[in-house]
Number of protein chains: 2
Amino acid sequence: MRIGELARRTGVSTRVLRYYEQRGLLCAQRDANGYRRYDDEESVETVGRIRELLATGLNTDDIRALLPCAQGGPGLNPCAFSCGIVERQMAQLDAEMAELARRRAALGAYAQVMRERRAQDEALAARALRSA
Amino acid sequence: MRIGELARRTGVSTRVLRYYEQRGLLCAQRDANGYRRYDDEESVETVGRIRELLATGLNTDDIRALLPCAQGGPGLNPCAFSCGIVERQMAQLDAEMAELARRRAALGAYAQVMRERRAQDEALAARALRSA
DNA sequence: TTGCACCTTGACGCCGGTGTAAAGGTCAAG
DNA sequence: CTTGACCTTTACACCGGCGTCAAGGTGCAA
């Protein structure tokens, strides 16, 4: 399977597949003419896993470290290491959610102030209208 | 007050103050030699408000639209418009929080799978150790 | 032979707030 | 006059996953 077919079967652009290879997430054999050649099964699965992991917010560096374990790599130690990466990312997500909650609260305070200002303005306008 | 002093009093770099001016968030008079001159009170407050709003995740375009109202601008209509901006941003934050929650859940599923794999590996290693 | 689909590498753009540097003007103090 | 602090504008870099274009090679079909 060449890169175009892998792109079609995964719904990912060829640009992205080459990018994943450059980042060390995906490997390919080469034909005599230099074209990339992928195995039928494994590559599709690997690309799927990469997309899933990316969608969790992990970056390509972390995914590169994670993939050998996720694919059944050299066993115990790397897997413990990978668990660390995943847990670190979960903590990161927790921190980001807390940050977003903080922003939302601050924005809510602003909205409150603005609602009050607006009510004031409307009262003022109504009074001006009556006196006119 | 010139730009250096405003920078010191607000804790914001001169680069950032010029950027805010370029984005239309902050205005300054000019001395005869071209130096920016700021009023003593208002500028410090304005910069503070800009920083607060940026910290809520609003971008400079929204803040530019928002500031006249937050400063007691031309009244009713702009303020209603500003309320819309704030509410839109709050909805945006809600969506981002939901997305982060989704990511966290997906990552949790991965962590679960990996924990199981790890336990499997450890059991395997223990058995190998016993049989050796 | 021509055309077309497919492949290759390399490189620039994006977003958006900010750092940082270059190249130069202004002004007060020594 | 020199030094040095302060000011000016212009412009490039960053991050990170990806779109998109350029310039060119390969191979099959009409």
Side-chain angles (χ1 to χ4, degrees), chain A residues 1-38 43 46-67 85 89 92-93 96 99-100 103 106, chain B residues 1-38 43 46-67 85 89 92-93 96 99-100 103 106:
Chain A
M1 180 171 40
R2 287 178 307 183
I3 197 171
E5 190 179 343
L6 182 57
R8 270 190 301 276
R9 286 173 58 173
T10 57
V12 172
S13 72
T14 60
R15 168 69 174 91
V16 163
L17 293 177
R18 295 194 189 98
Y19 175 68
Y20 292 165
E21 179 174 334
Q22 183 195 341
R23 303 293 299 159
L25 308 182
L26 190 61
C27 56
Q29 316 285 26
R30 294 295 183 131
D31 287 345
N33 53 15
Y35 291 6
R36 289 171 180 81
R37 178 149 307 271
Y38 300 90
S43 296
T46 298
V47 172
R49 247 188 302 265
I50 293 172
R51 301 297 291 180
E52 281 179 11
L53 290 171
L54 273 177
T56 69
L58 285 165
N59 62 27
T60 52
D61 285 333
D62 284 339
I63 296 177
R64 175 175 50 250
L66 212 49
L67 267 187
I85 291 179
Q89 175 70 5
Q92 170 75 20
L93 288 181
E96 287 177 21
E99 169 65 17
L100 286 190
R103 288 184 186 184
Chain B
M1 182 171 38
R2 287 180 307 184
I3 197 172
E5 189 180 343
L6 183 58
R8 270 190 300 275
R9 287 174 58 174
T10 57
V12 172
S13 73
T14 60
R15 168 71 175 89
V16 164
L17 293 177
R18 294 194 189 99
Y19 176 68
Y20 291 163
E21 178 175 333
Q22 183 195 342
R23 303 294 299 159
L25 308 183
L26 189 60
C27 57
Q29 315 285 28
R30 294 295 183 132
D31 287 345
N33 54 14
Y35 290 7
R36 290 170 179 81
R37 179 149 308 271
Y38 300 90
S43 295
T46 299
V47 172
R49 247 186 303 264
I50 293 172
R51 300 298 289 181
E52 281 179 9
L53 290 170
L54 274 178
T56 69
L58 286 165
N59 63 26
T60 52
D61 286 332
D62 285 337
I63 296 177
R64 176 176 46 251
L66 211 50
L67 267 186
I85 292 179
Q89 176 68 8
Q92 170 75 20
L93 288 181
E96 287 177 19
E99 169 65 17
L100 287 190
R103 290 184 185 184

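Quantities reported herein were computed from a predicted structural model and do not represent experimental measurements. By convention in this document, chain letters (A, B, ...) are assigned in the order of the sequence lines, proteins followed by strands, and residues within each chain are numbered from 1.
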Rounded distance (Å) that lies between atom P of D/dC18 and atom CD of A/Glu21: 15 Å
Straight-line distance of A/Leu54 CG to B/Arg103 CZ, nearest 0.5 Å: 9.5 Å
Rounded to whole angstrom units, what separation is found between the CZ atom of B/Arg64 and the P atom of C/dG16? 12 Å
Report the distance from atom CZ of A/Arg23 to atom C1' of D/dC18, rounded to the nearest whole Å. 13 Å
What nucleotide among C/dC27, C/dT18, D/dT9 has an atom nearest to a side-chain atom of B/Arg30? D/dT9
Among D/dG19, D/dC6, C/dT8, which nucleotide sits nearest the side chain of A/Tyr35? C/dT8
Out of C/dG17, D/dC18, D/dC7, which has the shortest distance to the side chain of B/Ile3? D/dC7
Mind checking if B/Asn59 touches a base, just sugar-phosphate, or nothing, with heavy atoms under 4.0 Å? sugar-phosphate
Closest of D/dG17, C/dT8, C/dG19 to the A/Leu54 side chain is D/dG17
Of the nucleotides D/dC7, D/dC6, D/dG19, which has the atom closest to the B/Arg8 side chain? D/dC6
Atom-to-atom span, OH of B/Tyr19 to P of D/dA11 - whole angstrom: 17 Å
Taking only side-chain N and O atoms of A/Thr60, does any of them lie within less than 4.0 angstrom of OP1 or OP2 on D/dG16? no
Give a yes/no on whether any side-chain N or O of B/Arg2 is located under 4.0 angstrom from OP1 or OP2 of D/dC6. no
Between B/Ile50 (CD1) and C/dG16 (P), how many Å, whole number? 17 Å
How many whole angstroms separate atom CZ of B/Arg18 from atom C1' of C/dG16? 19 Å
Could you give the CZ-to-P distance, from A/Arg37 to C/dC6, as a whole number of Å? 15 Å
Side-chain-base donor-acceptor pair under 3.5 Å for B/Arg36 and D/dT8: no
Closest nucleotide of DNA chain C for B/Ser13 versus for A/Glu5: which of these residues is on the 5' side? A/Glu5
Test your reading of the model: is there a side-chain donor-acceptor pair from A/Asp31 to the backbone of A/Asn33, 3.5 Å cut-off? no
Any side-chain heavy-atom pair of B/Tyr20 and B/Ile63 under 4.5 Å: no
Between C1' of D/dG17 and CD of A/Gln22, the distance in whole Å: 11 Å
When you measure only distances, ignoring hydrogens and angles, does the side chain of A/Arg15 come within 3.5 Å of the base of D/dT20 through a donor and an acceptor? yes
Assess whether side-chain contact (heavy atoms from CB on, under 4.5 Å) is satisfied between A/Leu93 and A/Thr56, documenting all intermediate values. CA-CA 9 Å; A/Leu93 288 181; A/Thr56 69; 5.7 Å; no
For the CZ atom of A/Arg23 and the CG atom of A/Asp61, what is their distance to the nearest 0.5 Å? 4.5 Å
Taking only side-chain nitrogens and oxygens of B/Asn33, does any of them come within less than 4.0 Å of OP1 or OP2 of C/dG25? no
